[in-house]
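So that the names make sense, note that chain A is the first sequence line, chain B the second, and so on, each numbered from 1.
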Amino acid sequence: MTPDEAIAEQLRLAPSVVAETPADFAPRIAAGLDVAYLGDTGRLVAAVACVDIESGQVIDSALVTGTTDFPYVPGLFAYRELPSLIQALAAVTTTPDVLVCDGHGLAHPRRFGLACHLGVTTGIPTIGVGKNSMGDHEPPARQRGSWTALIDGTDEVGRALRTQDGVKPIFVSVGHRIDLDTATALVLRLSRKYRQPETTRAADQLCRQALKVAESHPTEREQRL
DNA sequence: GCGACAG
DNA sequence: ATCTTGTCGC
């Protein structure tokens, strides 16, 4: 698929995002998803970490190695990462109640970031969490839990959320089947001690760990060179 | 036209 | 994302 085709697909899928929380939503397990890359080889590692929301402990996880041919294009992360993330999700034995993804949801130029794509594809309530924003926002108050609106044009596409006192905010947006208030509250709850939620931290750690293993495991073709 | 631009 | 040591602070 070309970038132009990907953009067309995003525009086609964007209307299927549901920004409302199911009536029976009472999440017990949140899954964090992340990807790490091996240089510019196109090889990557995708991780899913299932976290018990109440205790904050990792109860299950999965790792997958894969490759990508799609280039890095801001706004088109899904076409780089989604296939591997779906595989990692399939490899986990636990069924998460909500996904917390590395990257924005509705806080996206076409209102269809990675978190929306992941949510619409899986049907699971999904939240987008980014470390950087594209939209405008006022800095939230210094205290943990304070937030300001994240604006793109005239739309409120997400929130700049302060997860720890005096720490740089993270950016929360709706992925699918959740509302912004619920998403914000859950991300804050998952961010117990650090800037990022435990879900993201756990998935990130798994990826880095796996990267080291992969580096010591050259591909067959690389061995012949 | 030019720069900026989630991971 | 990734390349990278020490260092300032709670």
Side-chain angles (χ1 to χ4, degrees), chain A residues 3-4 6-7 10 13-14 17 32-49 63-86 88 99-120 126-137 142-144 150-153 155-161 163-176 180 183 187 192-197 199-216:
Chain A
D4 280 346
I7 288 173
Q10 288 182 330
L13 293 176
V17 171
L33 301 94
D34 194 18
V35 171
Y37 298 91
L38 287 80
D40 52 12
T41 61
R43 298 174 66 199
L44 56 80
V45 178
V48 172
L63 273 165
V64 159
T65 61
T67 58
T68 312
D69 44 16
F70 204 91
Y72 165 75
V73 179
L76 300 179
F77 287 158
Y79 298 87
R80 254 171 98 69
E81 304 191 346
L82 195 62
S84 297
L85 288 175
I86 295 293
L99 307 180
V100 179
C101 125
D102 244 25
H104 298 305
L106 290 180
H108 176 275
R110 289 168 292 281
R111 306 292 179 266
F112 200 71
L114 176 60
C116 296
H117 211 138
L118 192 60
V120 166
T126 303
I127 301 170
V129 175
K131 294 179 284 294
N132 298 291
S133 78
M134 301 173 93
D136 305 322
H137 64 90
R142 187 183 183 289
Q143 296 80 11
R144 163 181 160 88
L150 182 60
I151 303 294
D152 184 15
D155 299 340
E156 176 177 347
V157 296
R159 286 176 183 165
L161 173 66
T163 53
Q164 303 297 335
D165 291 359
V167 167
K168 180 185 175 185
I170 60 177
F171 302 91
V172 179
S173 61
V174 168
H176 186 51
L180 193 49
V187 168
R192 303 194 152 207
K193 193 175 187 315
Y194 302 97
R195 176 178 177 235
Q196 298 210 73
T199 39
T200 302
R201 287 172 44 79
D204 197 83
Q205 273 190 279
L206 286 169
C207 283
R208 293 177 192 269
Q209 166 64 39
L211 264 194
K212 294 175 185 173
V213 177
E215 281 165 352
S216 64

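Whole-Å rounding puts the A/Phe70 CZ to B/dA6 P distance at 16 Å. Atom CZ in A/Arg144 sits about 18 Å away from atom C1' in C/dC10, given to the nearest Å. Here the P atom of nucleotide B/dC5 and the CZ atom of A/Arg80 are 18 Å apart, to the nearest Å. Here the C1' atom of nucleotide B/dA6 and the CZ atom of A/Phe112 are 15 Å apart, to the nearest Å. Rounded to whole Å, atom C1' of B/dA6 lies 14 Å from atom CG of A/Leu106. Rounded to whole Å, atom P of C/dT2 lies 9 Å from atom NZ of A/Lys131. Between the P atom of C/dC10 and the OH atom of A/Tyr194 lies a distance of 17 Å, rounded to the nearest Å. Following rounding to the nearest Å, A/Asp102 (CG) and C/dA1 (P) show an atom-to-atom distance of 7 Å.
Within the 4.0 angstrom heavy-atom criterion, base atoms lie near A/Gly113. At the heavy-atom level, A/Ala36 lies under 4.0 Å from the strands shown only through sugar-phosphate atoms. Contacts of A/Leu211 with the nucleic acid, taken as non-hydrogen atoms under 4.0 Å apart, involve only primed sugar atoms and P, OP1 or OP2. Residue A/Leu114 is classed as a base contact, given a heavy-atom separation below 4.0 Å to a base. At the heavy-atom level, A/Gly75 lies under 4.0 Å from base atoms of the strands shown. Looking at heavy-atom distances under 4.0 Å, A/Tyr72 makes contact with a base.
In this structure, of C/dT2, B/dG7, B/dC5, it is B/dG7 that holds the atom nearest to the side chain of A/Glu81. Set against B/dG7, B/dC5, C/dT2, the side chain of A/Asn132 has B/dG7 as its closest nucleotide.
Screening A/Asp102, A/Asp34, A/Asp204 against A/Lys131 for a salt bridge (Lys or Arg N to Asp or Glu O under 4.0 Å) leaves a single residue, A/Asp102.
Considering CD of A/Gln10 and NE2 of A/His108, their distance stands at 4.0 Å, rounded to 0.5 Å. For the atom pair SG of A/Cys101 and CG of A/Leu114, the computed distance is 4.0 Å after rounding to the nearest 0.5 Å.
Between A/Tyr79 and A/Phe70, the ring-plane angle classifies as tilted under the 30° and 60° cut-offs.
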* To do: Begin from the C-alpha positions of A/Val35 and A/Phe77 and carry the test side-chain contact (heavy atoms from CB on, under 4.5 Å) through to its verdict.
  => CA-CA 11 Å; A/Val35 171; A/Phe77 287 158; over 6 Å; no
